[in-house]
Number of protein chains: 2
Amino acid sequence: MGIKERKAREKKQLRQQILSAARELFVNEGYENVSMRKIASKIEYSPTTIYLYFKDKADLLDSVCKETLLNLLNTLEQLKRDINDPVEALRKSGKAYVEFGLEYPQDYKLTFVIRPQFQKGLGLQEGSVGEKVFDYLRAMVSECIRQQIFRQVDVETTGQVMWSAVHGVTLLLIDFPDFPWTEKDKLIDTVINTTIEGLKA
Amino acid sequence: MGIKERKAREKKQLRQQILSAARELFVNEGYENVSMRKIASKIEYSPTTIYLYFKDKADLLDSVCKETLLNLLNTLEQLKRDINDPVEALRKSGKAYVEFGLEYPQDYKLTFVIRPQFQKGLGLQEGSVGEKVFDYLRAMVSECIRQQIFRQVDVETTGQVMWSAVHGVTLLLIDFPDFPWTEKDKLIDTVINTTIEGLKA
DNA sequence: GTGTTATACTTAACAGTGTTAAGTTAAATG
DNA sequence: CATTTAACTTAACACTGTTAAGTATAACAC
């Protein structure tokens with residue numbers, strides 16, 4: 001019974017191949033500037049083959065995005081294990097969050113800006129990766145409050161403030177790459193540090 | 001010599017008509033889903049006529065956004081006249097900024113998220129309205145630093161931190177209307193206050 | 001008033017897009 | 001060996017932004 005399994009393996013491989021090609025093109029040239037034909041030509045298949053593996057172009061981007069969000073979650077959870085001080089963990093997590101957004105701007109914008117626009121009704125879907133990322137942030141903030149490092153404001157608000165800050169700087173850096181920003185890392189650090197300082201007792 | 005003036009007036013009128021039609025369609029259906037043909041049909045001209053008034057679709061979007069920014073700038077400058085305390089002015093301006101975004105969410109996204117995506121290379125151009133808005137913010141922050149209320153970090157960075165915060169919370173509130181946010185005004189105030197506190201000495 | 005020029009707009013077309021229906025080819029099954 | 005099934009391709013549709021060429025009308029000079 002090895003034949004069916006080989007076939008399934010090959011299908012999975014091609015799916016992954018499409019996904020990788022799409023990611024590379026999306027990241028380098030931007031979602032709008034990448035056509036299905038371009039992706040197809042990169043993997044040396046006809047354009048219509050893609051539709052045997054993905055519903056449409058949005059679904060393809062969706063899948064690319066889900067992959068990278070899982071990466072973000074991995075990165076963050078790895079980080080958590082190595083750091084004890086909750087403030088330091090929050091700082092590093094914030095930085096990792098922004099850097100992820102800058103590394104995969106298309107994915108970031110799709111998930112946190114574009115998808116909500118077309119998928120109204122739910123903020124972050126139940127059980128979605130996006131929700132898990134916010135859960136992670138909440139846990140961290142919660143620890144800072146518990147240890148009385150942060151002011152005793154409610155956890156939800158505090159988490160949302162933190163999210164606003166990193167979300168804001170991420171999008172500004174993505175959307176206005178030619179604005180005369182302060183040196184990028186300095187800006188990110190200052191945003192995170194300022195917010196943390198402001199949240200302290 | 002009234003003929004030339006009448007002609008000029010008519011040209012201006014048609015330009016404005018195109019602009020209004022474009023704004024309405026962009027806001028209601030989203031930039032990508034609006035074609036030049038759709039705009040043209042709305043104003044009952046041929047599609048190519050638009051190109052006599054605007055370089056291309058991006059330029060049209062640009063002009064729509066410029067209008068939006070002028071409105072924002074007006075709102076802000078009205079505010080400035082009434083307040084003396086620079087921190088209070090900054091707080092109120094931040095709030096006004098966010099509220100402007102929430103009142104015209106589609107316009108805000110068009111200007112600060114969608115346009116940069118399609119009109120690359122725009123830092124904030126010399127003399128542009130966007131630059132004036134940031135100048136406004138800079139002046140305010142500068143005063144806070146001069147009066148030694150804020151830490152002596154450079155003005156640019158400080159301004160950018162402030163912008164990140166308000167931009168972030170504005171977009172989150174727009175894009176995830178069904179997320180279990182803290183009460184809206186409380187969240188906005190906390191974001192602004194936290195950032196201001198973090199910037200203080 | 002007539003001929004010419006400039007202005008404002010339109011028609012037709014190009015090269016590209018996402019997507020689908022129908023067709024092909026080769027492998028697996030009975 | 002015949003038939004069915006799966007994987008992939010070809011051709012086409014209805015769109016997109018944009019441009020070059022054409023047209024009709026209004027303004028101007030004489």
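Both backbone and side-chain heavy atoms feed into the values below; hydrogens, waters and symmetry mates do not. Chain identifiers are assigned alphabetically (A, B, ...) following the order of the sequence lines, protein sequences preceding nucleic acid strands; residue numbering begins at 1 within each chain.
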Original post:
Sequence neighbours excluded, which residues qualify as side chain to side chain contact (heavy atoms under 4.5 Å, CB included) partners of B:Asp85?
Top reply: B:Val87, B:Glu88

Original post:
Within a strict 4.5 Å, meaning less than it, do heavy atoms of the B:Phe100 and B:Thr68 side chains meet?
Top reply: yes

Original post:
Under 3.5 Å, is there a donor-acceptor pair between the side chain of A:Tyr104 and the main chain of A:Cys65?
Top reply: no

Subject >> Reading 5' to 3' through nucleotides 8-19 of chain D, protein heavy-atom contacts under 4.0 Å coded B for base, S for sugar-phosphate only, - for none >> reply: BBBBB---BBBB

**OP:** Please list residues of residues 17-26 of chain A whose heavy atoms come under 4.0 Å from any atom in DNA chain D, ordered by number; otherwise none.
**Re:** none

Subject >> Any donor-acceptor N or O pair under 3.5 Å, side chains B:Tyr97, B:Tyr108 >> reply: yes

Subject >> Side-chain donor or acceptor of A:Arg23 paired with backbone N/O of A:Val64 under 3.5 Å >> reply: yes

**OP:** List for me each residue that meets side chain to side chain contact (heavy atoms under 4.5 Å, CB included) alongside A:Lys184, sequence neighbours excluded, and say none if there are none.
**Re:** A:Leu102, A:Leu173, A:Ile188

**OP:** Output all residues satisfying side chain to side chain contact (heavy atoms under 4.5 Å, CB included) with A:Glu32, sequence neighbours left out; order by chain, then residue number.
**Re:** B:Glu32, B:Gln117, B:Phe118

**OP:** Can you run down the salt bridge (charged side-chain N to carboxylate O under 4.0 Å, His left out) pairs that involve residues 41-51 of chain B, sequence neighbours left out, and say none if there aren't any?
**Re:** B:Glu24-B:Lys42

Original post:
Between A:Ile39 (CD1) and C:dT17 (C1'), how many Å, whole number?
Top reply: 12 Å

